[in-house]
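Structure below; questions to follow.
Any value given below was found using the heavy atoms of this structure, including those in side chains, with hydrogens, waters and symmetry copies removed. Each chain gets a letter, A, B and so on, in the order its sequence line appears, and its residues count up from 1. Predicted model, so just to flag it, every value in this text is computed and none were measured.
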Amino acid sequence: NAGVMQNPRHLVRRRGQEARLRCSPMKGHSHVYWYRQLPEEGLKFMVYLQKENIIDESGMPKERFSAEFPKEGPSILRIQQVVRGDSAAYFCASSPPRGGINQPQHFGDGTRLSIL
Amino acid sequence: TQLLEQSPQFLSIQEGENLTVYCNSSSVFSSLQWYRQEPGEGPVLLVTVVTGGEVKKLKRLTFQFGDARKDSSLHITAAQPGDTGLYLCAGGGEKLTFGTGTRLTIIP
């Protein structure tokens with residue numbers, strides 16, 4: 001998992017604060033995906049991005065959540081005004097350009113977000 | 001909505017035994033991936049299967065994709081304690097749908 005770097009590994013926030021989660025994809029990968037794993041549940045897709053473009057955000061809550069993947073720098077998942085229900089492990093994955101074929105996604109070790 | 005059901009949910013066996021875990025869906029998937037996840041870490045990709053009926057081997061692990069591309073199985077021969085972990089199947093393209101997982105424990 002060392003290829004996809006996520007930080008911080010653990011993040012504690014109080015209700016109402018903002019949480020910023022960062023993801024640097026593997027070298028040569030231009031596609032980034034964010035997933036959320038709630039306690040005792042499976043991984044759920046949130047958003048798929050390419051550089052400077054959101055391709056599919058159908059799994060992301062409509063309010064308080066946003067994601068970006070700028071031309072330079074890591075992808076950022078931002079959660080505003082956090083609530084207790086946002087406590088989860090957030091995983092980022094990356095893949096090379098798809099080129100019309102299915103490219104496997106490689107995951108980072110996640111950010112564990114705890115809301116007090 | 002595409003769903004992937006994995007069975008069994010939990011499996012605990014003695015070292016040296018063989019086992020098979022299953023991943024089933026009513027939907028057709030263009031490809032299916034198997035991951036293993038350790039506590040506190042992200043899923044690690046084991047294999048991708050693309051063609052219906054495809055069989056792939058990874059040392060003691062054998063993966064099969066169903067002919068209709070709706071199901072898959074993972075067979076482990078002579079299980080070892082290092083095989084302990086959460087096994088996840090995932091299907092789809094960019095927007096992966098993950099299965100419910102099989103938590104495997106190998107007892108030394």
| message | Report which part of Q37(B) has an atom under 4.5 Å of a heavy atom belonging to chain A: side chain, backbone, both, or neither. | response |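 When you check distances to chain A, only side chain atoms of Q37(B) fall under 4.5 Å.
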| Any chance the side chains of K70(B) and S27(B) put a donor and an acceptor closer than 3.5 Å? | no
| task | Test D86(A) against R64(A) for salt bridge (Lys or Arg N to Asp or Glu O under 4.0 Å), laying out the working first. | result | CA-CA 10 Å; D86(A) 297 332; R64(A) 302 188 297 108; 2.7 Å; yes
| Audit row: Y33(A), F107(A), ring pair (Phe, Tyr, Trp, His ring centres under 6.0 Å) steps and yes/no | CA-CA 9 Å; Y33(A) 316 80; F107(A) 283 78; 8.3 Å; no
| query | Given a strict heavy-atom distance threshold of 4.5 Å, which part of Q6(A) is in contact with chain B: side chain, backbone, both, or neither? | reply |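 When you check distances to chain B, no heavy atom of Q6(A) falls under 4.5 Å.
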| task | Please determine, among G40(B), A90(B), G99(B), the option with the most heavy-atom pairs under 4.5 Å with chain A. | result |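 The candidate making the most pairs under 4.5 Å is G40(B).
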| query | Is the shortest heavy-atom distance from the side chain of D83(B) to the side chain of R36(B) under 4.5 Å? | reply |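 D83(B) reaches R36(B) side chain to side chain.
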